[in-house]
K.L.:
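Just dropping this structure here.
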Amino acid sequence: MTRQQFRLLVIFNQLLVFAGYMIRDLTDAQLPLDLQPYVLGDQSVLDGATGDSFFSGEFPYLLWRVIDVLTLAAAVGLCLGRRWSRTLYLACYITSLFAGLLTPFYVSTHWAGFVFMLYGTTEGMILALAYFSHLRRMFERGEREDEEDLADEAADSA
C-alpha cells in the first residue's frame, strides 16, 4: 500500500463515522414507538423505570464527542505522517473500547450498525498499517526527512 492509498483509507474511515451518525439520525426515527426511549442512549435498558444512571444522559454523549474530535485530529496527523498521531489514534481506539463497555445499551437500526462496523474494520486496518507495515517508517522519521521528501517530489515532477 502506498502513502496516498493509506491517506485515502484514513479519509474514508472518517467519512464512514460521519455517515454512520447521519444514517443513525435518519433511520432511528423510524423505529417503533416502544423503542424510542432507548434510541441514542436516552434511557438505558439497564436503568429500569427510573433511568437513574451515571452513564445515561449527557455523559456518554460528551464522552463520544471528545473521542470523535480527538480521532479526527489523529486522522489529520496520520495523513500528514506525524509521529504523535499514531499514538493518539491508538489511544482513541482503546478509549472507545472501554467507553463502549461503560455506556448503556441502546437501540439502533441495522443500517447504522453496518456503517459503524465498516468504520471499526477500517480503524483496525489503519492501526495495523501504521504499526506493522512498511508505512510505519513514515511515522518514525523526523520532520527534516519529510521536508527532503517534499523537495524530492517537487524535483521529480519538474
Side-chain angles (χ1 to χ4, degrees), residues 1-31 36 38-44 53-151 153-154:
M1 176 171 272
T2 66
R3 289 181 187 186
Q4 187 66 23
Q5 291 169 335
F6 178 75
R7 289 178 181 127
L8 289 174
L9 178 64
V10 172
I11 292 168
F12 180 66
N13 173 266
Q14 292 304 302
L15 290 175
L16 279 174
V17 75
F18 292 121
Y21 285 136
M22 287 177 36
I23 291 170
R24 185 184 67 189
D25 288 344
L26 292 173
T27 59
D28 283 354
Q30 306 302 319
L31 289 169
Q36 290 299 323
Y38 303 111
V39 172
L40 300 177
D42 290 337
Q43 181 180 352
S44 172
S53 173
F54 178 69
F55 297 109
S56 291
E58 290 297 316
F59 178 74
Y61 177 79
L62 293 175
L63 178 64
W64 284 109
R65 295 307 75 83
V66 168
I67 292 170
D68 289 340
V69 168
L70 290 176
T71 303
L72 180 62
V76 170
L78 286 172
C79 287
L80 297 175
R82 299 296 180 241
R83 183 178 297 181
W84 55 266
S85 62
R86 284 190 320 172
T87 306
L88 180 60
Y89 198 83
L90 179 62
C92 290
Y93 177 76
I94 291 170
T95 303
S96 69
L97 290 177
F98 287 110
L101 294 173
L102 295 175
T103 54
F105 295 114
Y106 66 91
V107 177
S108 187
T109 63
H110 288 294
W111 291 105
F114 174 72
V115 174
F116 282 122
M117 194 179 314
L118 286 176
Y119 167 72
T121 302
T122 58
E123 216 173 18
M125 292 168 62
I126 290 167
L127 286 170
L129 288 168
Y131 279 100
F132 303 114
S133 76
H134 67 282
L135 292 173
R136 74 180 179 277
R137 285 181 267 139
M138 179 170 72
F139 302 102
E140 293 171 352
R141 297 182 301 161
E143 290 183 20
R144 194 177 115 235
E145 292 176 0
D146 288 339
E147 292 171 1
E148 290 173 3
D149 285 347
L150 289 175
E153 289 175 11

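Numbers here simply count residues along the sequence, with the first being 1. Since we're looking at a predicted model, the values are computed, not measured.
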K.L.:
Between CZ of Phe18 and CD1 of Ile23, what distance do you get to the nearest 0.5 Å?
P.N.:
13.5 Å

K.L.:
Nearest 0.5 angstrom please: Thr122 OG1 to Met117 CE, how far?
P.N.:
12.5 Å

K.L.:
Using 0.5 Å steps for rounding, measure from the CD atom of Gln4 to the CZ atom of Arg7.
P.N.:
6.0 Å

K.L.:
Can you find a pair of side-chain heavy atoms, one from Met125 and one from Met1, that are under 4.5 Å apart?
P.N.:
no

K.L.:
Is the count of non-hydrogen atoms from other residues, nucleotides or ligands lying under 6.0 Å from His110 atom NE2 greater than 12?
P.N.:
no

K.L.:
Among Arg82, Arg3, Arg83, find the one that has a side-chain contact (heavy atoms from CB on, under 4.5 Å) with Met138.
P.N.:
Arg3

K.L.:
Pair Phe114, Leu118 - check side chain to side chain contact (heavy atoms under 4.5 Å, CB included), show working.
P.N.:
CA-CA 6 Å; Phe114 174 72; Leu118 286 176; 3.6 Å; yes

K.L.:
Within this structure, what is the CG-OG1 distance for the pair Leu135 and Thr2, rounded to the nearest 0.5 Å?
P.N.:
8.0 Å

K.L.:
Kindly list each side-chain donor-acceptor pair under 3.5 angstrom involving residues 90-97, sequence neighbours excluded, with atom names and distances?
P.N.:
from: Thr95; atom 1: OG1; to: Ala91; atom 2: O; distance (Å): 2.7
from: Ser96; atom 1: OG; to: Cys92; atom 2: O; distance (Å): 3.4
from: Ser96; atom 1: OG; to: Tyr93; atom 2: O; distance (Å): 2.7

K.L.:
With a sphere of 6.0 Å drawn around CZ of Phe116, does it hold more than 12 non-hydrogen atoms of other residues, nucleotides or ligands?
P.N.:
yes

K.L.:
With a 4.5 Å heavy-atom cut-off, do Leu31 and Asp28 have their side chains touching?
P.N.:
yes

K.L.:
Got a sec, which residues hit side-chain hydrogen bond (donor to acceptor under 3.5 Å, both in side chains) with Thr27, two or more places apart in sequence or on another chain?
P.N.:
Thr109

K.L.:
How close do Asn13 and Tyr89 get, counting heavy atoms only, and between which atoms?
P.N.:
OD1-OH, 3.1 Å

K.L.:
Answer yes or no: is there a side-chain heavy-atom contact under 4.5 Å between Arg24 and Trp111?
P.N.:
no

K.L.:
Roughly how far, to the nearest 0.5 Å, is CG of Leu15 from OH of Tyr119?
P.N.:
11.5 Å

K.L.:
Which heavy atom of Leu16 sits nearest a heavy atom of Val115, and at what distance?
P.N.:
O-CG1, 3.3 Å

K.L.:
Are the side chain of Arg136 and the backbone N or O of Ala130 linked by a donor-acceptor pair below 3.5 Å?
P.N.:
no

K.L.:
Any donor-acceptor pair under 3.5 Å linking the side chain of Tyr131 with the backbone of Arg86?
P.N.:
yes

K.L.:
Of all the heavy-atom pairs spanning Gly20 and Ala112, show the shortest one and how long it is.
P.N.:
O-CB, 4.2 Å

K.L.:
Enumerate, atom names and distances included, each donor-acceptor pair closer than 3.5 Å involving a side-chain atom of residues 66-79, sequence neighbours excluded.
P.N.:
from: Asp68; atom 1: OD1; to: Tyr21; atom 2: OH; distance (Å): 3.4
from: Asp68; atom 1: OD2; to: Tyr21; atom 2: OH; distance (Å): 2.5
from: Asp68; atom 1: OD2; to: Arg65; atom 2: NE; distance (Å): 3.4
from: Asp68; atom 1: OD2; to: Arg65; atom 2: NH2; distance (Å): 3.2
from: Thr71; atom 1: OG1; to: Ile67; atom 2: O; distance (Å): 2.7

